[in-house]
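The structure under discussion appears below in the form of structure tokens.
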Amino acid sequence: MKLLLDTHLLLWAAGQPEQLSSAARTLLEDSHNELLFSAASLWEVAIKRGLNRPDFRVDPRLLRRGLLDNGYSELPITSNHALAVDGLPAIHKDPFDRILVAQSMVEGIALLTSDPLVALYPGHIRKV
């Protein structure tokens with residue numbers, strides 16, 4: 001199964017695996033799953049790191065390299081993804097989370113999140 005990880009899950013998987021729930025760890029360790037990260041997550045890390053957010057201290061270039069080196073695939077943002085944001089209900093105002101939800105819907109892949117608001121969106125979204 002293809003799994004798109006939200007930004008916090010990516011950060012935890014890369015640098016703080018103890019923050020992951022057991023359900024998230026099980027899914028990430030299953031060799032039958034294809035793990036993906038969005039270009040939007042790297043964009044979010046770059047922006048929030050530039051704002052000196054304490055939870056976004058990782059260098060986005062190193063994060064990307066580490067994810068690719070560990071078998072993750074990159075999901076670019078397309079115009080179809082951007083257009084799909086327009087049809088989303090106004091559950092969450094964070095533009096990064098909204099594009100991740102749109103990517104999940106357009107691509108027909110599961111989005112893994114630890115955010116209870118993101119989990120309220122329709123589609124194949126799993127709160128772990």
Side-chain angles (χ1 to χ4, degrees):
M1 168 174 25
K2 288 185 176 187
L3 302 172
L4 176 63
L5 279 70
D6 78 0
T7 306
H8 271 97
L9 289 180
L10 284 174
L11 291 171
W12 293 340
Q16 297 176 300
E18 68 279 1
Q19 295 287 336
L20 294 168
S21 68
S22 60
R25 271 195 296 280
T26 298
L27 288 166
L28 299 183
E29 292 169 359
D30 185 339
S31 62
H32 294 99
N33 291 333
E34 181 182 349
L35 305 177
L36 294 100
F37 67 94
S38 172
S41 290
L42 295 178
W43 183 19
E44 180 177 13
V45 169
I47 287 173
K48 292 181 178 177
R49 181 175 186 241
L51 296 172
N52 293 317
R53 287 260 312 253
D55 52 340
F56 287 89
R57 292 195 175 161
V58 65
D59 182 324
R61 291 163 199 80
L62 294 177
L63 177 60
R64 180 180 184 272
R65 182 78 267 146
L67 291 168
L68 291 171
D69 288 348
N70 283 285
Y72 286 72
S73 299
E74 184 171 352
L75 180 60
I77 300 169
T78 69
S79 57
N80 283 334
H81 299 148
L83 294 172
V85 170
D86 186 46
L88 294 177
I91 295 170
H92 202 310
K93 299 205 185 304
D94 185 303
F96 299 108
D97 287 330
R98 291 174 62 81
I99 195 72
L100 292 173
V101 169
Q103 286 183 295
S104 169
M105 294 172 79
V106 168
E107 300 298 326
I109 56 179
L111 173 63
L112 298 184
T113 185
S114 61
D115 186 328
L117 281 178
V118 173
L120 294 175
Y121 279 99
H124 194 62
I125 300 173
R126 293 184 62 178
K127 184 179 177 304
V128 292

* Report yes if the side chains of H92 and D115 come closer than 4.5 Å at any heavy-atom pair, otherwise no. => yes
* **Contact summary for S114 and K127, nearest pair of heavy atoms** => O-CE, 3.8 Å
* To do: Mind checking the CG-CD spacing from L4 to E34? Nearest 0.5 Å is all I need.
  => 11.0 Å
* Could you check if a side-chain atom of Y72 sits within less than 4.5 angstrom of a side-chain atom of R64, using non-hydrogen atoms only? => no
* Asked: Would a 4.5 Å heavy-atom cut-off, applied to side chains only, mark E107 and L36 as touching?
  -> no
* Treating Ile, Leu, Val, Met, Phe, Trp and Tyr as nodes and any side-chain heavy-atom pair under 4.5 angstrom as an edge, say whether L75 and L111 lie in one connected cluster. => yes
* salt_bridge(E29, R25) N-O dist < 4.0 Å -> no
* Joint hydrophobic cluster, L3 plus V101, side-chain heavy atoms closer than 4.5 Å -> no
* Do you know the tightest heavy-atom contact between A102 and V85? -> CB-CG2, 3.7 Å
* To do: Indicate yes or no: at least one non-hydrogen side-chain atom of L9 is less than 4.5 angstrom from one of V128.
  => yes
* Asked: So do the side chains of L11 and Q16 get within less than 4.5 Å of each other, counting heavy atoms only?
  -> no
* Asked: Got a second to check how far L117's CG is from D94's CG, nearest 0.5 Å?
  -> 10.0 Å
* Asked: Side chains of H32 and D30: do they bring a donor and an acceptor to under 3.5 Å?
  -> yes
* Asked: If you group Ile, Leu, Val, Met, Phe, Trp and Tyr by side-chain heavy-atom gaps below 4.5 Å, do I109 and L88 land in one group?
  -> yes
* If you look at every heavy atom in I125 and A119, which pair is closest and at what distance? -> CG2-CA, 3.9 Å
* **Over 12 non-hydrogen atoms of neighbours within 6.0 angstrom of CZ in R61** => no
* What pair of heavy atoms forms the shortest contact from H81 to P76, and how long is it? -> CE1-O, 3.3 Å
* Euclidean distance, L112 CG relative to L100 CG, rounded to 0.5 Å -> 11.0 Å
* Is there a path of hydrophobic side-chain contacts, each under 4.5 Å between heavy atoms of I, L, V, M, F, W or Y residues, that connects I77 with V45? -> no
* Structure fact -> Scanning both residues in full, the closest heavy-atom pair of R126 with L27 reads NH1-CD2, 3.8 Å
* To do: Kindly write out the residues that satisfy side chain to side chain contact (heavy atoms under 4.5 Å, CB included) with P89, not counting sequence neighbours, or none if the list is empty.
  => I91, Y121, P122
* Beyond-backbone contact of D97 with T113, side-chain heavy atoms, under 4.5 angstrom -> no
* Asked: Hey, quick one: are W12 and L42 part of the same hydrophobic cluster, counting side-chain heavy atoms closer than 4.5 Å, chains of contacts allowed?
  -> yes
* Close side-chain approach of T7 and K48, heavy atoms under 4.5 Å -> no
* Asked: Does atom CG of D69 have more than 12 heavy-atom neighbours from other groups under 6.0 Å away?
  -> yes
* To do: For R49, enumerate each residue passing the salt bridge (charged side-chain N to carboxylate O under 4.0 Å, His left out) test, keeping only those at least two apart in sequence or located in another chain.
  => none
* To do: Evaluate the side-chain proximity of F56 to I47: yes if any heavy-atom separation is below 4.5 Å, no if none is.
  => no
* Asked: Atom CG of L67 and atom CD of E74: how far apart are they, to the nearest 0.5 Å?
  -> 9.0 Å
* To do: Of all the heavy-atom pairs spanning A40 and I99, show the shortest one and how long it is.
  => CB-CG2, 3.4 Å
* Asked: Has K2 got more than 12 heavy atoms of other residues, nucleotides or ligands less than 6.0 Å from its NZ?
  -> no
